[in-house]
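In what follows, every chain begins at residue 1, and chains take the letters A, B, ... in the order their sequences are listed. Computed from heavy atoms alone, side chains included, the values below leave out hydrogens, waters and symmetry copies. Remember, predicted model here, so these are calculated numbers, not experimental data.
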There are 2 protein chains.
Amino acid sequence: MTETIPPRAPRPARGPSMADVAERAGVSTQTVSRVANGLTNVEPATRDRVLQAMQVLGYRPNKAARALRSGRFRNIGITMFTLSTYGNMRTLDGITVAAAAAGYSITLVPVRDPTQEAVSSAFTNLVEQAVDGIILLIEAHLVDNSEVELPPGLPVVVVDSGARADYPVVDNDQTEGARLATQHLLDLGHDTVWHVAGPEGSYPASRRHESWRDTLQAHGRAVPPLFRGDWTAASGHALGLEIAHRPEITAVFAANDAMALGIMSALHESGRRIPQDVSIVGFDDMAESDSFWPPLTTVHQDFDLVGQRSIEILLEEIEHAPIVPVRSIVPVRLVLRASTGTPPHAP
Amino acid sequence: MTETIPPRAPRPARGPSMADVAERAGVSTQTVSRVANGLTNVEPATRDRVLQAMQVLGYRPNKAARALRSGRFRNIGITMFTLSTYGNMRTLDGITVAAAAAGYSITLVPVRDPTQEAVSSAFTNLVEQAVDGIILLIEAHLVDNSEVELPPGLPVVVVDSGARADYPVVDNDQTEGARLATQHLLDLGHDTVWHVAGPEGSYPASRRHESWRDTLQAHGRAVPPLFRGDWTAASGHALGLEIAHRPEITAVFAANDAMALGIMSALHESGRRIPQDVSIVGFDDMAESDSFWPPLTTVHQDFDLVGQRSIEILLEEIEHAPIVPVRSIVPVRLVLRASTGTPPHAP
DNA sequence: CTGAAAGCGCTAACAA
DNA sequence: TTGTTAGCGCTTTCAG
């Protein structure tokens, strides 16, 4: 469907420079620089001539040269796995908006796989970008692994991969979230709670898993075997088919909303009622969760705040201080909707 | 929850330069440059000494200086509204991956509102970024408006805002998608099809709307009044409540999956059955649509391909040709699932 | 295989 | 208010 593009002469590599503008306006480059930077000590008449020359020539400042002089790029690098999960996408959104408000732009460096090699190579890549600081949003244990060398010499903030003590970290309160979810189901009268976890190697998945287990143990409840998903609704659906066959399962805590959706779909298919037969709690509070059927009880994460905090800490580092191991935990809350209820009577 | 960060001495602005490495290795900066760029004409022993010096000093190349010399940044700017819609997010993902494969990184410049001012100011911002080209992903009529000056002097590709003839455009086949959706419902035997549209000012929303209308007219069917949503599931839910009260509505084409989800949720709430009472078709084919209840019949968009095409065309422009008004339409397809069926018998 | 020189576009510091 | 000088870190060109 793409029409072919005829080959052409290469476009000229460079646009007009300050020198060109200066020549056309009959002033020095310095004066052009002053105008470009909005300094006031320029005769209005001169300024106008310069402005006009810029206009005519289509001048735009060369950021590379500026950065070369100043040593600053006003740009922040972000490493992340492809934006395929809701949480990552929303966090990126929050970071981008907060950065823009502070006058910084964002450079994305994707990581293909969660392998140590891919991560290390992304770090190398990142360090060679024109960035003043780095946000790591890869939510993998790998980051936690001290074998992985974090990018050196640059301010770094780690999001959602929290155990490293040597770097500042911003993290949702995974532990509290999973506790709230599990506790809620126990409070409704369920004997125990089953868990559909996120993939191995994911830091948030592990934290939610551990907190679910700890909460059950704290109440002296049996800890059922784990269901292992991969964050997708499809994986939730597959596991949900299994869950539907087991009448002893009356309460499920899914590690994210997409998997919860898949589970609910499998339960519907199998003729099991929600929440009369099985109660479900998710994690994320996607914009759509309120429109799931039934509306999903879930743990709300404040992604915008995560983004804001990350930028705040990173800019502090960039502009004032060397790396400081701050640890910022963003609170979560349980949103009660219709997917949870009291357990069915014993058969 | 954030521990306070004590004020510190500002971090040193610059890291070690090539000159530092050269001095430590006892060679010229030129040799260091050769090693840094992986050129082969360096004695292995020399190379090793240089590499070691880099290691010790923690050298990283200064991209600004490099860009200043080469006139190229290997960086692409993207303007978009905050990533709150599925389609935008997936397209960004596709673009990022395709760009990374070509050795380019991505700089994000968010646009707050769909006002002419905000868009223009984002363009200005973008032009001053260190980018070699620009992708406009703001899917608004504004872009189409020739009053809005597109960023001058830089290669540009416009995604999903297609009527401008003066710039290359990549667009999903909105028209064909809406036609497929509407036709499918008519083929099932529905007298007519109602439409829940996206927000005014959105280019894809308009195209889907027009194509829905045209398809009905081509079949000599009544064109019912429009329902107007804003892409969110919440807006779909609100309109769905109204739809549920109208037994004459048996077939609905929603302009995206999120709104379709909201509509379905409202229908469930109101005790209307899908598809026995009302059939629904969406647009997007979100990863989750297959797990909606019932699984959603929808129009699949190939976002990865959109990303690939955009990058392909933009790089062609950057590396070879001046701006060429290519127009690339990415095909869509209808995915049949369980939310559509024959109309109910007349009462 | 290695080095010296020049200059990319810009701005800080100084001079006029 | 305006101009001159120098140099940020790197790579291209030309010599050795």
Over all atoms of both residues, closest heavy-atom pair of B:Gly77 and B:Val131: N-CG1, 3.5 Å
Distance test, side-chain N/O of A:Ser33 to OP1/OP2 of C:dT11, below 4.0 Å: yes
Among D:dT1, C:dT11, D:dT4, the nucleotide that comes nearest once only the side chain of A:Met18 is considered: C:dT11
Residue mapping more 5' on DNA chain C - nearest nucleotide basis, A:Ala19 or B:Pro44: B:Pro44
Return all side-chain donor-acceptor pairs below 3.5 angstrom for residues 96-110 of chain B, not counting sequence neighbours, or 'none' if the list is empty.
| unit_1 | atom_1 | unit_2 | atom_2 | d |
| --- | --- | --- | --- | --- |
| B:Thr96 | OG1 | B:Leu92 | O | 2.7 |
| B:Tyr104 | OH | B:Glu319 | OE2 | 3.0 |
| B:Ser105 | OG | A:Gln129 | OE1 | 3.2 |
| B:Ser105 | OG | B:Asn75 | OD1 | 3.1 |
| B:Thr107 | OG1 | A:Thr107 | OG1 | 3.3 |
| B:Thr107 | OG1 | B:Asn75 | OD1 | 3.3 |
| B:Thr107 | OG1 | B:Asn75 | ND2 | 2.7 |

Which protein N or O atoms sit under 3.5 Å from an N or O of nucleotides 12-16 of chain C?
| unit_1 | atom_1 | unit_2 | atom_2 | d |
| --- | --- | --- | --- | --- |
| C:dA12 | O4' | A:Arg69 | NH2 | 3.2 |
| C:dA12 | N6 | A:Gln30 | NE2 | 2.7 |

Salt bridge (charged side-chain N to carboxylate O under 4.0 Å, His left out) partners for A:Asp20, two or more places apart: none
Side-chain N,O (A:Thr46) to OP1/OP2 (D:dT2) below 4.0 Å: yes
Residue closer to the 5' end of DNA chain C, B:Val27 versus A:Ser17 (nearest nucleotide): B:Val27
Rounded interatomic separation in angstrom, taking CG from B:Asp48 and P from C:dC1: 14 Å
Protein-nucleotide distance (B:Tyr59, atom OH; D:dG9, atom C1'), rounded to Å: 8 Å
Sugar-phosphate only, base, or nothing, as touched by B:Thr31 at under 4.0 Å among non-hydrogen atoms: sugar-phosphate
Separation of atom CD in B:Glu23 from atom C1' in D:dG9, rounded to whole Å: 15 Å
Side chain to side chain contact (heavy atoms under 4.5 Å, CB included) involving A:Arg49 - partner list, sequence neighbours excluded: A:Val27, A:Thr46
Among C:dC10, C:dT2, D:dG3, the one nearest A:Ala65 by side-chain distance: C:dC10
Test item: A:Asp132 side-chain N/O and A:Phe73 main-chain N/O as donor-acceptor pair under 3.5 Å: yes
Residue pair A:Glu312 / A:Glu316, side-chain heavy-atom distance below 4.5 Å: no
Sugar-phosphate, base or nothing in reach of A:Val32, heavy atoms under 4.0 Å: nothing
Between C:dT11 (C1') and A:Leu39 (CG): distance, integer Å: 10 Å
A:Glu23 atom CD: more than 12 heavy-atom contacts under 6.0 Å: no
Angle of first-five versus last-five pair axes in the helix from C:dC1-D:dG16 to C:dA16-D:dT1, to 10 degrees: 30°
Protein-nucleotide distance (B:Asn37, atom CG; D:dT12, atom C1'), rounded to Å: 12 Å
B:Ile134 vs B:Val157 side-chain heavy atoms within contact, under 4.5 Å: no
Separation of D:dG9 C1' from B:Leu57 CG (nearest whole Å): 14 Å
Under-4.0 Å side-chain N/O to phosphate OP1/OP2 contact, B:Asn41 with C:dT2: no
Min side-chain heavy-atom separation A:Leu136-A:Val159 under 4.5 Å: no
Summary of salt bridge (charged side-chain N to carboxylate O under 4.0 Å, His left out) pairs that have at least one residue in residues 92-105 of chain A, sequence neighbours excluded: A:Arg90-A:Asp93
